[in-house]
Amino acid sequence: MTKKITVKKIQSIRGIHDGLPETVCQWQQVESAARTVFSRYAFNEVRLPILEPTHLFVRSIGEQTDIVAKEMYHFVDQGHDHICLRPEGTAGAVRAYLQAGLTRSGLQRWFYVGAMFRRERPQKGRLRQFQQIGAEFFGAAGPLADAEVLAMAWQLVHRLGLQHLTLEINSLGCPACRPGYREKLVLFLRQQTANLCPTCIQRIDSNPMRVLDCKVPQCQQYLQDAPEVISHLCDDCNSHWQGLQAGLTALSIPYCINPRIVRGLDYYNRTAFEIVTDQLGAQGTVLAGGRYDGLVESLGGPATPAIGFAAGVERLALLLPETMAEKAKVTMVAMGNEAVILASMRHADTLRQAGIATIHAGGGTMKRQMKIADREQTPFCLIIGEDECATGQVMCKNMRNGSQQQQTITQAMNTILQDG
RNA sequence: GUGGAUGUAGUUCAAUGGUAGAGCCCUGGCUUGUGAUGCCAGUUGUUGGGGGUUCGAAUCCCCUCGUCCACCCCA
């Protein structure tokens with residue numbers, strides 16, 4: 001008698017999911033679209049660390065942001081270093097750019113794909129470990145760079161065949177003009193305190209621009225007449241803003257102005273943009289980015305203009321049609337003694353080396369092996385028994401129409417390759 | 001961090017305090033070396049986990065974990 005022992009199943013961590021074949025297939029579609037599009041804009045891939053010093057994000061993203069204040073996975077390692085799992089990509093990219101001493105190497109166009117970590121409550125389109133495709137363009141100050149980067153982002157979603165997406169743009173001003181605007185906004189908001197939600201009232205002092213994208217309908221109602229950044233831009237910011245729009249128009253990129261776009265991360269200035277969908281519930285932002293001219297300097301480098309964006313791989317994948325994992329082309333069926341089995345293995349390998357994805361049904365009864373071929377949906381079956389083995393041939397069966405004929409392995413290979 | 005819904009076989013779902021079941025999947029069979037439909041047979045569960053109430057709990061209560069959705073935040 002054997003006693004059945006049940007072992008407690010180990011589960012993945014909350015909000016951290018496995019990528020199984022069908023899902024990964026979609027991720028790869030997103031990635032390959034990005035690689036194709038980005039390479040046309042001469043952006044080069046970088047692979048950056050997942051672990052970074054905690055301080056990097058405190059300094060760049062801002063201590064007051066939710067990401068840093070409560071969502072980072074951080075810990076002290078055995079050497080007493082403060083380390084965290086990166087919650088986003090831009091800070092690490094800037095750190096690497098500085099560390100490599102590239103500030104005098106002209107323009108740098110980078111992109112990356114990788115996992116980011118934020119300890120949030122999971123929800124549709126929101127995971128604790130998720131993947132971002134990001135792009136960063138260092139060293140270009142003019143609006144042409146903004147237009148190109150936005151165009152690249154737009155081409156990415158376009159290449160994925162996604163419909164019903166909107167590109168929204170805004171300008172956040174700069175350290176020269178934002179304080180003046182901020183004062184006007186605070187003045188306006190103070191007159192509305194009776195009508196605003198408690199969170200908004202709190203934010204009037206802490207971060208007044210965030211009030212603008214409050215989702216409470218009543219707040220939005222009273223914010224309709226709020227002063228907008230884009231009508232309070234300084235001359236430089238305004239000409240940059242106009243230049244961006246001229247660029248987008250010249251490139252025939254459809255966009256709409258959304259003066260409510262603000263940024264949770266502290267380092268953004270001037271151009272801010274998002275590509276949004278109405279098909280993902282509350283998590284409608286599929287790609288977001290903007291200009292961050294002050295970040296390189298604030299991390300200890302020379303003043304360097306820069307612009308970038310990040311796209312959520314899982315969110316984009318949610319918009320893609322369902323896909324099938326990669327299927328094999330041929331099932332190898334072997335009937336007979338060991339010599340036959342070995343011959344079938346050699347044949348399978350010959351096919352693979354010719355670039356034909358092949359699975360071996362593993363011997364056993366004919367029926368069992370044919371069922372495997374059927375389940376795997378391979379369009380062809382190569383059957384080898386003692387007869388075929390003796391004549392150096394295989395039975396090549398077309399599983400779609402049921403026809404079959406004896407052929408040499410080379411002939412069979414041609415038949416399969418011609419099938420497309 | 002807050003709120004709502006939810007958790008039963010590999011999977012989709014039944015079972016309204018009284019013996020845990022069905023479809024699909026899977027395995028084998030319906031004579032010899034041929035899959036999809038058909039027929040027959042078979043395997044599968046600490047009912048997420050732990051406590052409590054009860055003669056008796058998948059069912060009621062408490063705790064905990066996961067999932068989904070929303071708030072918040074963001075990609």
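Per chain, numbering begins at 1; letters A, B, ... match sequence-line order. Since the structure is predicted, the reported quantities are computational estimates derived from the model, not experimental observations.
The separation of B/U12 from B/G7, taken at their P atoms, amounts to 12 Å, rounded to a whole angstrom. B/U6 and B/C62 have their P atoms separated by 14 Å, given to the nearest Å. Comparing the C1' positions of B/U46 and B/U32 gives a spacing of 47 Å, expressed to the nearest Å. With C1' as the reference atom, B/U8 and B/C13 are 9 Å apart, rounded to whole Å.
Considering only residues two or more places apart in sequence or on other chains, A/E228 meets the salt bridge (charged side-chain N to carboxylate O under 4.0 Å, His left out) condition with none of them. The side-chain contact (heavy atoms from CB on, under 4.5 Å) test applied to A/K327 returns A/M324, A/Q377, not counting sequence neighbours. Among residues two or more places apart in sequence or in another chain, the salt bridge (charged side-chain N to carboxylate O under 4.0 Å, His left out) test is passed with A/R126 by A/E120. Listed by chain and number, the residues in a salt bridge (charged side-chain N to carboxylate O under 4.0 Å, His left out) with A/R40 amount to none (sequence neighbours excluded). Applying the side-chain hydrogen bond (donor to acceptor under 3.5 Å, both in side chains) criterion to A/E297, with sequence neighbours excluded, gives no partner residue. Residues forming a side-chain contact (heavy atoms from CB on, under 4.5 Å) with A/Q28 (at least two apart in sequence, or on another chain): A/V24. Partners of A/R190 according to the side-chain hydrogen bond (donor to acceptor under 3.5 Å, both in side chains) rule, which considers only residues two or more places apart in sequence or in another chain, are A/D205.
For residues 149-173 of chain A, the set of pairs meeting the side chain to side chain donor-acceptor pair (under 3.5 Å) definition, not counting sequence neighbours, comprises A/E168-A/N258. For residues 351-361 of chain A, the side chain to side chain donor-acceptor pair (under 3.5 Å) pairs, not counting sequence neighbours, are A/S344-A/H360, A/D349-A/Q353.
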Can you tabulate the close N/O pairs, meaning under 3.5 Å, that link protein atoms to atoms of nucleotides 1-7 of chain B?
{"residue": "B/U2", "atom": "O4", "partner": "A/R121", "partner atom": "NE", "Å": "3.4"}
{"residue": "B/U2", "atom": "O4", "partner": "A/R121", "partner atom": "NH1", "Å": "2.6"}
{"residue": "B/G3", "atom": "O6", "partner": "A/R121", "partner atom": "NH2", "Å": "3.3"}

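Remark: A/R368 is not in phosphate contact with B/G28, judged by side-chain N or O atoms under 4.0 Å from OP1 or OP2. At the phosphate of B/G35, OP1 or OP2 sits under 4.0 Å from a side-chain N or O atom of A/K367. Distances shorter than 4.0 Å separate some side-chain N or O of A/R375 from OP1 or OP2 on B/C26. Distances shorter than 4.0 Å separate some side-chain N or O of A/Q123 from OP1 or OP2 on B/C71.
A heavy atom closer than 4.0 Å to some atom of RNA chain B occurs in A/G281, A/A282, A/Q283, A/T285, A/V286, A/L287, A/A288, these being the qualifying members of residues 272-293 of chain A.
By the 4.5 Å heavy-atom criterion applied to side chains, A/W110 and A/Y97 are counted as neighbours. Under the 4.5 Å side-chain criterion, counting only non-hydrogen atoms from C-beta, A/D293 is not in contact with A/C174.
If you check B/U34, B/C69, B/A75 against the side chain of A/R315, the one that comes closest is B/A75. Of the candidate nucleotides B/A75, B/G35, B/C68, B/C68 has the atom lying nearest to any side-chain atom of A/P122. Here the nucleotide nearest the side chain of A/K371, chosen from B/G66, B/A75, B/G35, is B/G35. Comparing B/G33, B/U67, B/G35 against the side chain of A/H17 picks out B/U67 as the nearest. When each of B/U34, B/G35, B/A75 is scored by its nearest atom to the side-chain atoms of A/M395, the top-ranked nucleotide is B/U34.
The base of B/G33 sits within donor-acceptor range of the side chain of A/E388, with an N or O pair under 3.5 Å. For B/U34, the base has no donor-acceptor partner in the side chain of A/Q369 [N/O atoms by modelled type, under 3.5 angstrom].
No engagement by A/G134 is indicated, since no non-hydrogen atom pair under 4.0 Å with the nucleic acid exists. Using a 4.0 Å heavy-atom cutoff across all strands shown, A/K397 reaches at least one base atom of the nucleic acid. Within the nucleic acid shown, A/M116 has no heavy atom closer than 4.0 Å to any nucleic acid atom. A/A373 comes within 4.0 angstrom of no nucleic acid atom, judged by non-hydrogen atoms across all strands. A/I372 comes within 4.0 angstrom of no nucleic acid atom, judged by non-hydrogen atoms across all strands. When heavy atoms are screened at a 4.0 angstrom cut-off, A/L127 is found touching base atoms of the nucleic acid. The residue A/G89 sits apart from the nucleic acid: no heavy atom pair falls under 4.0 Å.
Taking the nucleotide of RNA chain B with the nearest heavy atom to each of A/I13 and A/E71, the more 5' of the two is matched to A/I13. If A/Q11 and A/M370 are placed on RNA chain B by their nearest nucleotide, the residue sitting closer to the 5' end is A/M370.
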Output field dot_bracket for RNA chain B (Watson-Crick or G-U, both distances under 3.5 Å, | for other-strand pairs) contains (((((((..((((....[..)))).(((((.......))))).....(((((..]....))))))))))))....
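The side-chain contact (heavy atoms from CB on, under 4.5 Å) with A/L295 is formed by just one residue from the set A/T304, A/I61, A/V94; it is A/V94.
Ring geometry for A/F38 against A/F43 counts as tilted: the plane angle lies between 30° and 60°, on a 0 to 90° scale.
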